[in-house]
Amino acid sequence: MATVATTELDSLREQALVCTACPLAERRTHVVFGEGDPTSPLVLVGEGPGDQEDQTGRPFVGRAGQLLDRALDDAGVGRARVYITNTVKCRAADWASGKPVNRAPTDDEAAACRRWLEPQLGLLAPKVILCVGAPSARNLIKKSFRITQERGLYFPCAYARTAIATLHPSYVLRQQTAAGDDGGYGLMVADIRKAWEAARRLVEKELDRASLFDV
Ligand code: URA
Ligand code: SF4
């Protein structure tokens with residue numbers, strides 16, 4: 001079954017790579033579809049590609065991505081064990097000054113890109129979704145999501161048994177101070193650990209039920 005879903009995921013990726021459904025298509029270098037273990041019980045959904053991601057076609061490979069990798073390691077999970085994608089698959093930036101300045105995707109852009117995110121999550125069928133940052137939580141959990149108050153809590157979600165949100169690593173980088181404030185890094189690690197443990201427990205529960213039929 002995993003093989004069939006993987007093939008379907010590849011074909012979805014191929015279609016997404018040539019998407020021109022919203023204005024972000026005009027300035028992008030690469031569509032960043034997502035990567036990782038498609039059989040993972042945990043899927044991370046970030047905000048959207050930045051410069052490095054746009055250049056490489058891979059999610060979370062810039063400065064924020066490096067912090068996220070470290071947090072995944074510190075949570076005892078590791079990047080290789082999850083699947084990572086984004087709310088929008090093309091870089092959102094303002095070009096008014098001539099140089100791109102990254103910005104959050106608009107509601108219209110996020111809505112347009114659901115044409116990829118929804119079937120993608122449908123095929124991945126994760127037990128738990130970890131929304132990385134407020135735009136992702138607003139897109140997948142509820143419009144009024146308040147990241148500082150509601151991060152780390154379980155919410156119902158149409159695409160998984162539950163969804164949890166955490167701080168965005170770019171936000172954490174901005175909050176960190178030379179004086180030693182971790183900017184919320186510890187909270188991010190705790191949220192990742194919580195999401196992974198929940199995903200693992202849900203997988204174990206399923207195996208338990210399946211094993212009833214083996215005897
Ligand atoms: N920030 C995101 O939200 N996603 C990425 O892929 C990179 C940076
Ligand atoms: Fe298509 Fe999404 Fe890129 Fe917009 S952001 S062009 S909807 S892939």
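As a basis for the values below, the full set of heavy atoms in this structure was taken, side chains included, without hydrogen atoms, waters or symmetry mates. For reference, positions follow the sequence shown, starting with 1. All ligand and atom numbering here is 1-based and tracks the order in the structure.
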**Student:** Any chance the side chains of Gln120 and Tyr83 put a donor and an acceptor closer than 3.5 Å?
**Tutor:** yes
**Student:** Atom 2 (Fe) of ligand 2: which protein heavy atom is closest, and how many Å away?
**Tutor:** Cys113 SG, 2.3 Å
**Student:** Taking only Lys NZ, Arg NE, NH1 and NH2, and the carboxylate oxygens of Asp or Glu, determine whether Glu53 and Arg91 approach each other closer than 4.0 Å.
**Tutor:** no
**Student:** Looking only at distances, can you tell me whether any N or O atom of Ala64, backbone or side chain, sits closer than 3.5 Å to an N or O atom of ligand 1?
**Tutor:** no
**Student:** Between Arg114 and Glu118 (salt bridge meaning N to carboxylate O under 4.0 Å), is one present in this structure?
**Tutor:** yes
**Student:** Can you confirm whether the side chains of Thr106 and Glu109 place a donor and an acceptor under 3.5 Å from each other?
**Tutor:** yes
**Student:** Report yes or no: is the cationic atom of Arg161 (NZ for Lys, CZ for Arg) closer than 6.0 Å to the six-membered ring centre of Tyr154, at no more than 45° off its axis?
**Tutor:** no
**Student:** His168: heavy atom below 4.0 Å from ligand 1, yes or no?
**Tutor:** yes
**Student:** A side-chain contact here means heavy atoms from C-beta on lying under 4.5 Å apart; do Leu9 and Leu124 qualify?
**Tutor:** yes
**Student:** May I ask you to list the atoms of ligand 1 that are less than 4.0 angstrom from any heavy atom of Pro59?
**Tutor:** 6 (O)
**Student:** Taking only Lys NZ, Arg NE, NH1 and NH2, and the carboxylate oxygens of Asp or Glu, determine whether Asp94 and Arg103 approach each other closer than 4.0 Å.
**Tutor:** yes
**Student:** Please determine if atom 2 (Fe) of ligand 2 has an N/O/S atom from Cys90 lying under 2.8 Å away.
**Tutor:** no
**Student:** What part of Glu53 sits under 4.0 Å from ligand 1 if we count only heavy atoms: the side chain, the backbone, both or neither?
**Tutor:** side chain
**Student:** Heavy atom to atom 2 (C) of ligand 1, shortest distance: which of Gly48, Ala92, Gly62 holds it?
**Tutor:** Gly48
**Student:** Of the side chain and backbone of Glu109, name the one, both, or neither that has a heavy atom under 4.0 Å from an atom of ligand 2.
**Tutor:** neither
**Student:** Under a 4.0 angstrom heavy-atom cut-off, which atoms of ligand 1 come close to Glu47?
**Tutor:** 2 (C), 3 (O)
**Student:** Just to be sure I'm reading this right: ignoring hydrogens, which of Ala92, Pro49, Ala25 gets closest to atom 6 (S) of ligand 2? Compare them by their nearest heavy atoms.
**Tutor:** Ala25
**Student:** Could an N or O of ligand 1 be found under 3.5 Å from any N or O of Asn86, whether backbone or side chain?
**Tutor:** yes
**Student:** Numbering the atoms of ligand 2 from 1, which are under 4.0 Å from a heavy atom of Arg28?
**Tutor:** 3 (Fe), 6 (S)
**Student:** Answer yes or no: are there more than 12 heavy-atom neighbours, outside Lys142 itself, under 6.0 Å from its atom NZ?
**Tutor:** yes
**Student:** Please give me the minimum heavy-atom distance between Leu121 and Pro126, naming the atom from each residue.
**Tutor:** O-CD, 3.6 Å
**Student:** Could you tell me whether Arg13 and Glu35 make a salt bridge, using a distance below 4.0 angstrom between a side-chain N and a carboxylate O?
**Tutor:** no
**Student:** Show which atoms of ligand 2 fall inside a sub-4.0 Å distance from at least one heavy-atom site of Trp116.
**Tutor:** 1 (Fe), 8 (S)
**Student:** Suppose I only count heavy atoms of Gly46 and a 4.0 Å limit; which atoms of ligand 1 are within that range?
**Tutor:** 3 (O)
**Student:** Angle class for the Phe155/Phe145 ring planes (parallel below 30°, perpendicular above 60°, tilted otherwise)?
**Tutor:** perpendicular
**Student:** Would you say Cys19 reaches atom 1 (Fe) of ligand 2 with an N/O/S atom under 2.8 Å?
**Tutor:** yes
**Student:** Report yes if some N/O of Phe60 lies less than 3.5 Å from some N/O of ligand 1; otherwise report no.
**Tutor:** yes
**Student:** Can you tell me if, anywhere in Cys22, an N/O/S atom lies at a distance from atom 3 (Fe) of ligand 2 that is smaller than 2.8 Å?
**Tutor:** no
